[in-house]
2 protein chains.
Amino acid sequence: MRASDRAYASLRDDIIAWHLPPGTVLAEVEQSQRLGISRTPLREALARLTTEGLVAAHPGRGVVVTHISLERMTDLFDVRIPLDCRAAELAAQAADRKVFQDLATGFQEAPQLITGEDPEQRAYYALVAELDTAIDAAANNAYLLQAQRQLRTHLVRVRRLAKDNPVRLLQSAGEHLQIACAIAQGNPDLAAAATRVHLHNSLQHLLSAEPAPNSEPTQHHGLTA
Amino acid sequence: MRASDRAYASLRDDIIAWHLPPGTVLAEVEQSQRLGISRTPLREALARLTTEGLVAAHPGRGVVVTHISLERMTDLFDVRIPLDCRAAELAAQAADRKVFQDLATGFQEAPQLITGEDPEQRAYYALVAELDTAIDAAANNAYLLQAQRQLRTHLVRVRRLAKDNPVRLLQSAGEHLQIACAIAQGNPDLAAAATRVHLHNSLQHLLSAEPAPNSEPTQHHGLTA
DNA sequence: TTGGGCGTTTCTGTATACAGAGGGCTGTTC
DNA sequence: GAACAGCCCTCTGTATACAGAAACGCCCAA
């Protein structure tokens, strides 16, 4: 694997995990030394992160980890809802039903995954990611996948701002179960509707949380737009 | 402006305009000499083009201009339709009506723009781009804008494969007029419906054209997905 | 004649060196 | 004491030099 790929993955993970919190200045020499590479591959990694909107080139100040705020989630969901609904429709039309039946079983057993042990609820979110991946594969649309990947990066990042509680996670599991069942039944309309319901509730839950201490005041969002 | 930005813009324009047709190998030394820069900024430009899907890193063979085919337009419109419809809805909710009234007037007069003089119909497509820009501005959503920009790049590129004829362009102007009017009236449902009608007809027109001589057989599409 | 192996050559990926610009600090002056 | 100007320093952006890998071609052998 190339050094620039490793640097990209490492920085991306660190930003998503809030090891590099918003506002952090990523000086090229400092980061290249930290990662044990030269500036050339590091610059490539930073360029990729910039196009993704995870960092922004602050002219004169270097590259800065972008701020993320709950206020912008409404905008993000305005894009996410139609894309995810369309993906669910396409998946319901074309999917291997066995795959989604198995996923449905998984979500039925999700309450066992949602334990108090892991505050990040990795096991449950891994199952959610599995469903997303299965929908992507069934929809089989490279353009759709690329658009969704962009959005998901920012969504994973905002999780830290939200307050997951077992009640909401159990409700979420039920919604995902509904989506998986609809796709397994080959019902596109139902799959899209279930997706819309789930995303609506997710957004409401996100917005209902009071701003976390990490939430910074609204600033330039950093998308190169 | 940075050398890497100029290289990116130059290569992007050349690919979109088919000066660099699909399958062209972009060797780093060759292109850097052609553009009068060194390999470092050129590599940055190629990386950006790769993430956009305009070129693909062919391992061992260098970077190659990706193939584009009408077959993939169905996939592209599967993403474009929900996004454009949502954008039209948002614009209809928030737009400065005067702007879209003026655009509507422009589309009413579009038949005068659609002349036989310019085979590429630049004047008409500039008006269409103006409407797109106005919708983007009214929708005021950075995530939406970024997703649409990706798609539009590929759409402009495929125009060369389609056969524009005055009949279709006049029909298209009427559809755009309907969209602009609906937004100017502040009617989100109508705006989305008009957008859906227009995109449906656009796709049908694209697919009705027999494959142009430039159309290559289906290959790896090159999106890094 | 064809297939396989080796050498050459060119290419990518990385490191480093260099130049220009911008900011911060310090000294001086009002 | 405060404000402005000049200098220095650090940082980005670019060029170039170097190393490893892969592909092409040629030669030899079967």
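Numbers restart at 1 for each chain; the letters A, B, ... are given by sequence-line order, proteins then strands.
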- Item | Derivation and outcome, salt bridge (charged side-chain N to carboxylate O under 4.0 Å, His left out), residues A:Arg2 and A:Asp5 | CA-CA 5 Å; A:Arg2 300 183 302 175; A:Asp5 291 334; 3.2 Å; yes
- Message: If you compare every side-chain N and O of A:Thr40 against the phosphate oxygens of C:dT14 (OP1, OP2), does one of them come in below 4.0 Å?
- Response: no
- Query: For B:Arg43 and C:dC11, what is the distance between atoms CZ and P respectively, to the nearest whole Å?
  - Reply: 14 Å
- Note on the structure: Here the distance between atom P of C:dG13 and atom CD of B:Glu44, to the nearest Å, is 14 Å
- Note on the structure: Output for pair (A:Asp75 CG, B:Tyr143 OH), nearest 0.5 Å, gives 7.5 Å
- Message: Which is more 5' along DNA chain C, the nucleotide nearest B:Val29 or the one nearest A:Arg6? Just name the residue.
- Response: B:Val29
- Message: Whole angstroms only, please: what is the CG-P distance between B:Leu42 and D:dG13?
- Response: 17 Å
- Message: Looking only at the side chain of A:Glu28 (C-beta and beyond, no hydrogens), which of the listed nucleotides C:dA15, C:dT12, D:dG13 gets closest?
- Response: D:dG13
- Mind calculating the distance between CD (A:Glu30) and P (D:dC11) to the nearest angstrom? 9 Å
- Note on the structure: Separation of C:dA21 atom P from B:Met1 atom CE, nearest Å, is 17 Å
- Within a strict 4.5 Å, meaning less than it, do heavy atoms of the B:Asp102 and B:Lys98 side chains meet? yes
- Among D:dT12, C:dA15, D:dC18, find the nucleotide with the atom closest to the side chain of B:Arg39. D:dC18
- Query: Using 30° and 60° as the class limits, which term best fits the ring planes of A:Phe107 and A:Tyr124: parallel, tilted or perpendicular?
  - Reply: perpendicular
- Find the distance B:Leu35:CG to D:dG13:C1' and express it as a whole number of Å. 17 Å
- Interatomic distance where CG belongs to B:Asp5 and C1' belongs to D:dT14 [whole Å]: 13 Å
- Could you state the CD1-P distance from B:Ile37 to D:dA15, rounded to the nearest angstrom? 7 Å
